[in-house]
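Every number for a ligand or one of its atoms is a count from 1 in the order of the listing.
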Amino acid sequence: MARSIAVANQKGGVAKTTTVHNLGYALAKKNARVLLVDLDPQGCLTYSVGIDPDSLKVSVHDIFVRRAKAADVKVAIESDDPRMTLDILPANIDLAGSEVYLLTRTGREHVLSRALKPLAEEYDFVLIDCPPSLGVLTINGLSAANEVIVPMQCETLSHRGVGQLLEILEDVKTFANPHLKVRGVIATMYDGRTRHAREMLESLGTRYGLEVLDPPVHKSIRFAESPSKGVSIHQHAPVSPGARAYAAIAEQLMKG
Ligand SMILES: Nc1ncnc2c1ncn2[C@@H]1O[C@H](COP(=O)(O)OP(=O)(O)OP(=O)(O)O)[C@@H](O)[C@H]1O
Ligand SMILES: [Mg+2]
């Protein structure tokens, strides 16, 4: 039975997509069977793994609107090792239309969850990249997940944003998915030299009771370089601190 993890934060640009891609790749390298799900109409995850979002014949949009089977939408991601199982349900701008369509449908929160069920035995992990909003697509991602990981850029974090996100997670638990657990926060683009960043990190535990997954992912230009090449940091800069950080987090997740 796949463990499904939504990566969510309504704040934009905190490394949700980067985390899904690089954590997914790291898990697959450790022999886990991994499915990535792009829930963002911007299609950044799809692009980052080397697929042109504009050339897709079928995408996540078809799952939401045309009841396409997830098995017919998934695509294999190219990797260094043919033994790796790493697939994606890709997305493009069509997904923006799903949002409008879903608003009129009963049971709209559960469409993704239902679509993923037939694939549950094929994968060990399903990682869901949520868009930077708390709309119906993110709610679908959270409803389809057992766990949620929240990437946060500690420098710019506002406590109000965290509180708002935790409220939504409580709502999803109450109304759509009682099994959802907050697995923890990943500190991204971390600059441990600033006192502010260190204090932020500490306050997440004391103030909100959130676990911070170790280690923090430090700021590195390597992360900005790899998406345009269509590869993960593990392929682009395998011995970089960033690659090692995501590999260490993957290891921790595999333990439970
Ligand atoms: N550790 C890091 N160091 C430096 N740059 C990073 C790091 N992680 C991610 N980035 C860069 O920051 C930018 C935003 O990252 P990303 O797209 O993953 O965020 P996001 O939360 O998915 O954004 P959105 O909310 O728009 O979906 C990208 O250009 C990415 O390459
Ligand atoms: Mg993103």
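Rounded to the nearest 0.5 angstrom, S98 OG and H61 NE2 are separated by 4.5 Å.
When distances from atom 29 (O) of ligand 1 to the protein are checked, no heavy atom turns up under 4.0 Å. Closer than 4.0 Å to atom 4 (C) of ligand 1 lies at least one heavy atom of the protein. Protein non-hydrogen atoms do not reach within 4.0 Å of atom 11 (C) of ligand 1.
The closest approach between G242 and ligand 1 stays at or above 4.0 Å for every heavy atom of the residue. At least one heavy atom of V217 sits less than 4.0 Å from an atom of ligand 1. Using a non-hydrogen distance threshold of 4.0 Å, Q42 registers as a contact of ligand 1.
At least one N/O/S atom of T17, from backbone or side chain, sits under 2.8 Å from the Mg ion (ligand 2).
A donor atom on one side chain and an acceptor atom on the other are found under 3.5 Å apart for D129 and T17.
Although no hydrogens or angles enter the test, the distance criterion places a donor-acceptor pair under 3.5 Å between the side chain of R183 and the main chain of G256.
With K11, K16, R222 as candidates, the residue nearest to atom 21 (O) of ligand 1 on a non-hydrogen basis is K16. Counting only non-hydrogen atoms, the option in Y246, F223, Y190 that gets closest to atom 2 (C) of ligand 1 is F223.
Looking at H236, Q235, K229 one by one, the single match for side chain to side chain donor-acceptor pair (under 3.5 Å) with S232 turns out to be Q235.
Looking at E199 and R195, a side-chain N of the basic residue comes within less than 4.0 Å of a carboxylate O on the acidic one, giving a salt bridge.
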